[in-house]
Amino acid sequence: MQAIFWSVEEVAHRAKQLYENGIRQEVEYGDNIGKMIVIDSETGEYGIDKTGVETALKLKQKNPNARFFTMRIGYDVAFSFGGAIERTVE
């Protein structure tokens, strides 16, 4: 695949759109809450694991030029430095 040159903001915007328009309904339940989801902003392909690292490596093998966005399922942020993360899903 050819590399797509999107800004960081565009990668995030596209991934969030993909998440809100379909992925959320598939993943936001039970044991997935609190896990990391890695989304390929170009293809919409995604994977879930505890840290996101394994998923990112697998997706990178399929598409070395992929632009990824990572989120914590069911929370408002992925990580917090000195603050608290709030759960958005019960």
Partner of Ile23 under side chain to side chain contact (heavy atoms under 4.5 Å, CB included), chosen from Ile39, Ile48, Ile73: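 With Ile23 as partner, Ile39, Ile48, Ile73 yield a single side chain to side chain contact (heavy atoms under 4.5 Å, CB included), made by Ile39.
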Residue pair Tyr19, Glu28: steps toward the side-chain hydrogen bond (donor to acceptor under 3.5 Å, both in side chains) verdict: CA-CA 10 Å; Tyr19 188 79; Glu28 218 167 73; 2.7 Å; yes
Salt bridge (Lys or Arg N to Asp or Glu O under 4.0 Å) involving Glu9 - partner list, sequence neighbours excluded: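 Residues passing salt bridge (Lys or Arg N to Asp or Glu O under 4.0 Å) with Glu9: none at all.
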Hydrophobic cluster partners of Val38 (side-chain heavy atoms under 4.5 Å):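 Via sub-4.5 Å side-chain contacts, Val38 links to Leu59, Phe68.
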Quick one: pull up [atom1] in [X] and [atom2] in [Y] and give me the separation to the nearest 0.5 Å.
{"X": "Met36", "Y": "Lys50", "atom1": "CE", "atom2": "NZ", "answer": "12.5 Å"}
{"X": "Ile33", "Y": "Arg72", "atom1": "CD1", "atom2": "CZ", "answer": "11.5 Å"}
{"X": "Asp40", "Y": "Phe69", "atom1": "CG", "atom2": "CZ", "answer": "13.5 Å"}

Taking atom [atom1] of [X] as the centre, report whether more than 12 heavy atoms of other residues, nucleotides or ligands fall under 6.0 Å from it.
{"X": "Gln17", "atom1": "CD", "answer": "yes"}
{"X": "Lys58", "atom1": "NZ", "answer": "no"}
{"X": "Lys35", "atom1": "NZ", "answer": "yes"}

Results of side-chain hydrogen bond (donor to acceptor under 3.5 Å, both in side chains) for Glu20 - residues two or more places apart only: Arg24
Salt bridge present between Arg67 and Glu42 (N-O < 4.0 angstrom):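 Looking at Arg67 and Glu42, the cut-off is not met.
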Under 3.5 Å donor-acceptor, Asp49 side chain and Thr55 backbone: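 Such a contact is found between Asp49 side chain and Thr55 backbone.
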Side-chain heavy atoms of Trp6 within contact of His13, under 4.5 Å: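 Not touching, per the 4.5 Å side-chain cut-off.
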Shortest non-hydrogen contact from Gln61 toward Pro64: O-CD, 4.3 Å
